[in-house]
Amino acid sequence: MTKTNDYIKNGISAHKEKHGIKVTYNGLLAQSGADKVYAVYGFGSNWVDQSVHQMMKTNHGFEISLPSDDRIINVAFKDSANNWDNNSGRNYSFYTEDSTKSH
């Protein structure tokens, strides 16, 4: 397992919240001037309950609070032009019960 901080070089950070995790995205899409960024996420290795939600633009990049259900949450990002940041096909994976770990 690697620490969530390993994703910081890609512009992604996550912090545990009471009912999930807050993900901040300031990666390639944001740095390329994306006006909107969407988080595409699902749980477990099969992306169960997959959802797509627009992230809120902030001074820190784009942010979203994602639910926790004690499974691994997988996240990829896309912009309104359908450009993707999926960590070179590996996606960004977090353990929702302890967002200090990633997979």
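Ring orientation note: the planes of F77 and Y92 are tilted relative to one another, at an angle of 30° to 60°.
Closest non-hydrogen pair, Q54 versus I64, comes out as O-CD1, 4.2 Å. The two atoms that bring D85 and G27 nearest to each other are OD2-CA, 4.5 Å, heavy atoms only. Closest approach of E63 and T24 over heavy atoms only: OE2-OG1, 3.3 Å. Closest non-hydrogen pair, N26 versus G61, comes out as OD1-CA, 4.2 Å. Contact record, A34 with V37: CB-CG2, 4.0 Å, taken as the closest heavy-atom pair. Across K22 and S65, no two heavy atoms sit closer than the pair CE-OG, 4.0 Å.
Between V40 and W47 there is a side-chain heavy-atom pair separated by less than 4.5 Å. Annotation: side chain of D79 is in contact with side chain of N83 (closest heavy-atom distance under 4.5 Å). Looking at heavy atoms from C-beta onward, S93 lies out of side-chain contact with Y41 at the 4.5 angstrom threshold.
Contacts of N86 classified as side-chain hydrogen bond (donor to acceptor under 3.5 Å, both in side chains), with partners at least two apart in sequence or in another chain: none. Applying the side-chain contact (heavy atoms from CB on, under 4.5 Å) criterion to S88, with sequence neighbours excluded, gives R90.
Here the OH atom belonging to Y7 is positioned 12.5 Å from the OG atom belonging to S13, to the nearest 0.5 angstrom. How far OH of Y25 is from CG of N10: 8.5 Å, rounded to the nearest 0.5 Å. One distance of note links CG of D49 with CG of N46; it measures 11.5 Å at 0.5 Å rounding. With rounding to the nearest 0.5 angstrom, the NZ atom of K16 is 13.0 Å from the CZ atom of F94.
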- Item | Steps toward side-chain contact (heavy atoms from CB on, under 4.5 Å) verdict (K78, V52) | CA-CA 10 Å; K78 69 177 187 169; V52 178; 4.3 Å; yes

- Does the pair I12 and V23 meet the rule for a side-chain contact (heavy atoms from CB on, under 4.5 Å), with working shown? CA-CA 7 Å; I12 291 107; V23 176; 4.2 Å; yes

- Using the ring-ring contact (aromatic ring centres under 6.0 Å, His included) rule, take F62 and Y38 through it: C-alpha gap first, then chi angles, then the decisive distance, then the call. CA-CA 9 Å; F62 292 86; Y38 299 86; 9.3 Å; no

- Message: With side-chain contact (heavy atoms from CB on, under 4.5 Å) as the criterion, how do L66 and I73 come out once you've worked through the C-alpha distance, each side chain's angles and the decisive distance to 0.1 Å?
- Response: CA-CA 9 Å; L66 300 176; I73 187 168; 3.8 Å; yes

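Looking at N74, its side chain does come within 3.5 Å of a backbone N or O of G44 through a donor-acceptor pair.
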